[in-house]
There are 2 protein chains.
Amino acid sequence: MAQRQRMTIRDVAAEAGVSIQTVSRVLNSRPDVAPETLRRVQEVIQKTGYAPNMLARSLTQGRSHVLGVVAYGLEYFGPSRVVTAIERQAAEMGYGVSLNLILEPETGDVDRLLNTLRARQVDGIIWAIPEVGDNRAWSRTKGSELPVPVMLVGGMADLPALPSIGIDNEAIGRLATEHLLAGGSNKIAIVTGPLSWWEAQQRLLGWRKTLATNGLDVSDRLVFEGDWTVTAGEHGLQRLLDRCPEIDAIFASNDQMALGILYAAHRLGRSVPDQLSVVGVDNIAEASHFWPPLTTVYQPLGDAGALAVKQIDLLIGKSTQPRRTQDLPSEMTLLMPELIVRESARCLESVVRPAIEPAQRTAAAGS
Amino acid sequence: MAQRQRMTIRDVAAEAGVSIQTVSRVLNSRPDVAPETLRRVQEVIQKTGYAPNMLARSLTQGRSHVLGVVAYGLEYFGPSRVVTAIERQAAEMGYGVSLNLILEPETGDVDRLLNTLRARQVDGIIWAIPEVGDNRAWSRTKGSELPVPVMLVGGMADLPALPSIGIDNEAIGRLATEHLLAGGSNKIAIVTGPLSWWEAQQRLLGWRKTLATNGLDVSDRLVFEGDWTVTAGEHGLQRLLDRCPEIDAIFASNDQMALGILYAAHRLGRSVPDQLSVVGVDNIAEASHFWPPLTTVYQPLGDAGALAVKQIDLLIGKSTQPRRTQDLPSEMTLLMPELIVRESARCLESVVRPAIEPAQRTAAAGS
DNA sequence: CTGAAAGCGCTTACAG
DNA sequence: CTGAAAGCGCTTACAG
């Protein structure tokens with residue numbers, strides 16, 4: 001089957017008594033091979049377990065069939081889902097995945113990374129680093145002159161210079177906040193992620209807009225900036241309650257911080273959800289077993305990853321062909337999140353209707 | 001900087017007014033280049049942003065500088081740590097990482113995977129799939145005739161046919177159980193992982209041996225086979241208590257199941273750790289914020305991943321050289337886990353001394 | 001110190 | 001339907 005001495009197309013050709021390009025034809029399943037020849041070559045391939053050298057193939061074709069995937073924080077929930085989905089979809093489409101992890105989202109070493117990927121001749125790059133600060137400035141500066149297509153995963157503040165796909169994070173904030181309103185809360189605080197993160201900003205924005213629309217308080221004392229950790233949730237609740245004891249609900253910008261909030265609430269003797277409603281984001285595996293089970297917002301991260309691969313495959317196809325309309329989808333595609341109702345937030349309505357009108361909802365909540 | 005038209009070594013040579021192999025010498029920082037020539041070539045490289053085509057380089061060198069990493073369940077705690085560490089170490093040593101995820105640990109498609117990796121000419125393979133059932137049978141059958149070095153990550157039942165590195169899972173079971181004993185428990189149950197997993201078996205073994213050594217009950221009614229999920233922990237506690245209400249401690253084979261146990265204990269009105277001590281495994285981010293904070297066993301997974309890369313680099317170096325002593329480390333390297341004491345298990349001793357004698361410990365616990 | 005030649009293992013036109 | 005030639009972009013001996 002496998003062998004130590006690597007075998008080449010030449011060996012196969014010799015053994016089958018044909019030329020190497022006939023073998024090549026068989027390998028690439030081209031139609032113009034005589035049935036008998038085909039059989040003979042296939043037999044040899046089968047017998048020897050020959051597998052063509054992708055490196056050589058890539059060199060002549062000018063395509064490596066490898067996608068460069070750049071990610072951060074694989075040990076966290078979001079990135080691990082995205083990368084898993086990317087790998088799955090890529091494998092399905094015949095791409096290999098070159099994994100490149102960075103240690104900090106705000107890395108200055110974009111250039112070196114891009115150069116490495118270019119040197120490895122990846123067919124396309126999937127940039128799955130969240131937008132933090134101006135860590136995507138490079139996409140505007142030199143995004144357009146990159147030698148290969150790039151897909152950004154995760155939305156960004158300004159219209160991206162490169163095609164991008166992400167989750168609608170403002171909608172996350174809106175869904176969570178609307179649910180809290182529907183549950184009858186009217187002093188709704190928020191524990192955000194680091195506000196240098198686009199995702200954190202957008203979730204805050206969704207919260208703010210929803211409350212403002214309903215004429216409710218959105219002052220700064222209701223906002224605590226966390227850092228995604230459980231500890232931040234704990235400190236957040238304590239701090240928010242210090243500032244404003246009448247808070248009756250909190251939107252935690254991720255489940256870990258929601259856990260911290262539940263923990264602190266327990267310690268402070270605030271019962272959830274009776275005295276305090278909590279909604280998180282992510283739906284981590286443990287969420288349904290928090291006390292109480294956590295109401296949270298699900299993000300279709302797997303869909304985002306898979307879609308990124310499909311899109312970049314399209315772009316790669318185009319960049320190979322004599323580029324015509326140049327109709328690159330250089331806009332931002334946003335996928336919709338979904339609310340998962342459990343028990344950490346009061347829920348006065350028997351049926352959750354996301355499409356309900358705010359006024360109506362508030363009325364129902366007040367009844 | 002970057003350019004659409006890919007530039008080759010030939011372009012650089014022309015622009016610098018030298019031959020291509022002089023450029024090659026500069027690229028590979030060989031000593032035999034005149035200072036002035038060196039300067040001129042470097043200048044051109046700098047100016048044009050030229051990066052040599054790794055594919056072409058690999059083809060001539062017979063080395064791709066890519067490691068094939070095969071993993072399962074990147075969305076879970078262990079694998080994500082291992083893969084992260086592998087990528088980090090690989091990048092540091094100049095290797096690219098080709099990520100290959102499988103959907104089920106007991107995949108039958110080992111052959112196709114191995115073929116793909118061979119076709120991509122990876123320099124070595126890191127097989128980071130846990131041993132489940134006989135999913136490593138291939139390593140004995142054809143492990144030795146593989147064209148490239150392979151490192152298995154995660155221990156295995158029989159002495160592996162290939163060099164392997166993992167965590168001492170029996171020690172995990174021992175550390176956890178000894179701690180429970182030290183806390184004064186003497187009816188100690190276990191919720192295991194799926195027993196087709198080597199890791200789960202070993203943890204069970206550690207539990208069993210430790211109890212047996214201390215003359216305590218290790219009968220089957222104290223064993224519940226879970227599947228690593230929170231839900232399994234919940235069911236596990238309920239079931240174990242049904243069978244044997246006097247249970248006063250449980251070793252959960254991972255933190256998720258430990259969470260399920262805490263959850264169920266809360267529901268059943270068993271206070272932790274007063275009536276029930278619980279120890280988990282992994283030390284997930286949330287563990288320190290469970291109620292009560294979870295005592296657990298930490299596994300040096302990052303070390304394992306990094307070590308795997310270092311080892312395979314050695315093997316690759318050897319397989320390149322005219323193989324001499326053939327002293328491949330074809331044995332199993334096991335790294336030691338560490339107990340992290342928090343509040344979910346009673347702890348009578350002020351200082352935890354893992355080296356303490358069992359008899360002495362039991363005595364202390366009884367006092 | 002530097003360059004002309006050969007070759008890595010394939011594929012892509014180009015003949016027949 | 002099949003094969004001889006050229007070439008992908010490098011590196012490795014081999015001359016000078």
Side-chain angles (χ1 to χ4, degrees), chain A residues 3 5-42 44-45 48-66 115 118-123 147 320-321, chain B residues 3 5-42 44-45 48-66 115 118-123 147 320-321:
Chain A
Q3 62 292 312
Q5 271 301 62
R6 259 163 183 164
M7 125 167 309
T8 74
I9 195 175
R10 197 158 318 239
D11 302 321
V12 176
E15 192 143 341
V18 295
S19 72
I20 59 167
Q21 54 266 58
T22 294
V23 177
S24 174
R25 285 192 188 95
V26 173
L27 254 21
N28 296 283
S29 31
R30 295 216 200 291
D32 49 354
V33 181
E36 163 57 17
T37 313
L38 178 66
R39 201 194 52 70
R40 199 142 34 91
V41 174
Q42 281 177 330
V44 174
I45 292 174
T48 58
Y50 166 73
N53 184 328
M54 280 295 291
L55 261 35
R57 179 176 277 182
S58 300
L59 195 57
T60 58
Q61 291 184 148
R63 281 192 60 170
S64 62
H65 301 279
V66 169
N115 266 335
R118 192 155 53 100
R120 291 200 185 281
Q121 311 295 118
V122 297
D123 291 341
T320 304
Q321 289 163 27
Chain B
Q3 63 292 312
Q5 271 302 63
R6 259 163 182 163
M7 126 167 307
T8 74
I9 196 175
R10 197 158 317 241
D11 302 320
V12 176
E15 191 142 342
V18 296
S19 72
I20 60 167
Q21 55 265 56
T22 295
V23 178
S24 175
R25 287 191 187 94
V26 174
L27 255 21
N28 296 284
S29 30
R30 297 217 199 290
D32 48 356
V33 181
E36 164 58 15
T37 312
L38 179 65
R39 200 196 51 71
R40 200 141 34 93
V41 174
Q42 282 177 331
V44 174
I45 292 175
T48 58
Y50 166 74
N53 184 329
M54 281 295 292
L55 260 34
R57 179 176 276 181
S58 300
L59 194 58
T60 59
Q61 290 185 147
R63 278 192 61 169
S64 62
H65 302 279
V66 169
N115 265 335
R118 190 155 54 99
R120 291 200 186 281
Q121 311 296 117
V122 297
D123 290 342
T320 304
Q321 288 164 28

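Not counting sequence neighbours, the partners of A:Ile20 by the side chain to side chain contact (heavy atoms under 4.5 Å, CB included) test are A:Ile9, A:Arg10, A:Ala13.
Note that CG of B:Leu55 and CZ of A:Arg57 are 12.5 Å apart. Values are rounded to the nearest 0.5 Å. Interatomic distance, CD of A:Gln121 versus NE2 of A:His65, reported as 12.5 Å (0.5 Å rounding). How far CD of A:Gln42 is from OG of A:Ser29: 9.0 Å, rounded to the nearest 0.5 Å.
No engagement by B:Ser58 is indicated, since no non-hydrogen atom pair under 4.0 Å with the nucleic acid exists.
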Practice problem: Encode nucleotides 9-16 of chain D as B, S and - characters from 5' to 3', where the letter depends on protein heavy atoms closer than 4.0 Å: B to the base, S only to sugar-phosphate, - to neither. | Solution: BBBB----
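Side chain of B:Arg40 to main chain of B:Ala16: a donor-acceptor pair is present (N/O by atom type, distance under 3.5 Å, no hydrogens or angles).
Across A:Leu27 and A:Tyr50, no two heavy atoms sit closer than the pair CD2-CE2, 3.7 Å. Contact detail for A:Ser58 and A:Ser64: the closest heavy-atom pair is OG-CA, 3.4 Å.
Between C:dT2 and B:Ser19, no contact under 4.0 Å exists linking OP1 or OP2 to a side-chain N or O. Taking side-chain N and O atoms only, B:Thr22 has no distance below 4.0 Å to OP1 or OP2 of C:dT2.
Residues B:Leu59 and A:Leu59 form a side-chain contact, since some pair of their non-hydrogen atoms from C-beta on lies under 4.5 Å apart.
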Practice problem: Both distances under 3.5 Å, Watson-Crick or G-U wobble: on that basis, could you give the dot-bracket string for DNA chain D, with [ ] for crossing pairs and | for other-strand partners? | Solution: |||.||||||||.|||
